[in-house]
Amino acid sequence: MIDQYDEKTRRCPMLGHDLTFSYCRAPGRDYLCSKIFDCWWERFDIKDFMSANYPAETIAEILKPKQPKVASLYDIIQRAQKT
C-alpha cells in the first residue's frame, strides 16, 4: 500500500518546517524528493517501502550523485538565455 505512511510527519531539512511523507513522495513535481532515504530511515524501513512501490530505475535516479551547485546554476542560466 503506497499511502500507508503518508500521514507521518518530520521536519524537512531543505524547507525548514514539518511535512508529511506524502509530500516527500510527490513534492509538487513528478519525481520523489532526493532526500527521501536520508530523512525517513529512522521512522520506518524506507528501503523496503521504496523497493516495494517504485521501480529500480526511479530509485537509481534518486540516488544518483547531484550536479555541483555552480554547474547547476550555469545550466539554468544557459536554458534561460535560450528562451
Inset, instruction - Decide if atom CD of Glu7 counts as having more than 12 heavy atoms of other residues, nucleotides or ligands within a radius under 6.0 Å. - result: no
Inset, instruction - Under the side chain to side chain donor-acceptor pair (under 3.5 Å) rule, collect the residues that match up with Asp75, sequence neighbours excluded. - result: Gln67
Can you give the donor-acceptor pairs under 3.5 Å from side chains of residues 49-56 to other protein atoms, not counting sequence neighbours?
residue: Ser51; atom: OG; partner: Lys47; partner atom: O; Å: 3.2
residue: Ser51; atom: OG; partner: Asp48; partner atom: O; Å: 3.1
residue: Asn53; atom: ND2; partner: Phe49; partner atom: O; Å: 2.8
residue: Tyr54; atom: OH; partner: Arg25; partner atom: NH1; Å: 3.3

Inset, instruction - Taking the side chain as every heavy atom from C-beta outward, state whether Met1 and Asp3 have any atom pair closer than 4.5 Å. - result: yes
Inset, instruction - Locate the shortest heavy-atom distance separating Cys33 from Met14; write the atom from each residue and the value. - result: SG-CE, 3.6 Å
Legend entry - Straight-line distance of Cys24 SG to Asp38 CG, nearest 0.5 Å: 11.0 Å
Legend entry - With sequence neighbours excluded, residues passing side chain to side chain contact (heavy atoms under 4.5 Å, CB included) with Lys8: Tyr5, Trp40, Phe44
Inset, instruction - Apply the test side chain to side chain contact (heavy atoms under 4.5 Å, CB included) to residues Phe37 and Ile59: give CA-CA distance (whole Å), side-chain angles for both, the deciding distance (0.1 Å), then the verdict. - result: CA-CA 10 Å; Phe37 286 101; Ile59 296 169; 3.9 Å; yes
Legend entry - Taking every non-hydrogen atom, the tightest pair across Ile2 and Asp6: O-OD1, 4.0 Å
Legend entry - With Thr9 via side chain to side chain contact (heavy atoms under 4.5 Å, CB included) - residues at least two apart: Thr20
Inset, instruction - Determine whether Ile36 and Leu63 fall in the same hydrophobic cluster, where Ile, Leu, Val, Met, Phe, Trp and Tyr are linked whenever their side-chain heavy atoms lie under 4.5 Å apart. - result: yes
Inset, instruction - Go through the structure and list residues passing side chain to side chain contact (heavy atoms under 4.5 Å, CB included) with Pro68, not counting sequence neighbours. - result: Ala71
Legend entry - Pairs where residues 55-72 contributes a residue and the test salt bridge (Lys or Arg N to Asp or Glu O under 4.0 Å) is met, not counting sequence neighbours: Glu61-Lys64
Inset, instruction - Write down the atom of Arg10, the atom of Cys39, and the distance for their closest heavy-atom approach. - result: NH1-O, 2.6 Å
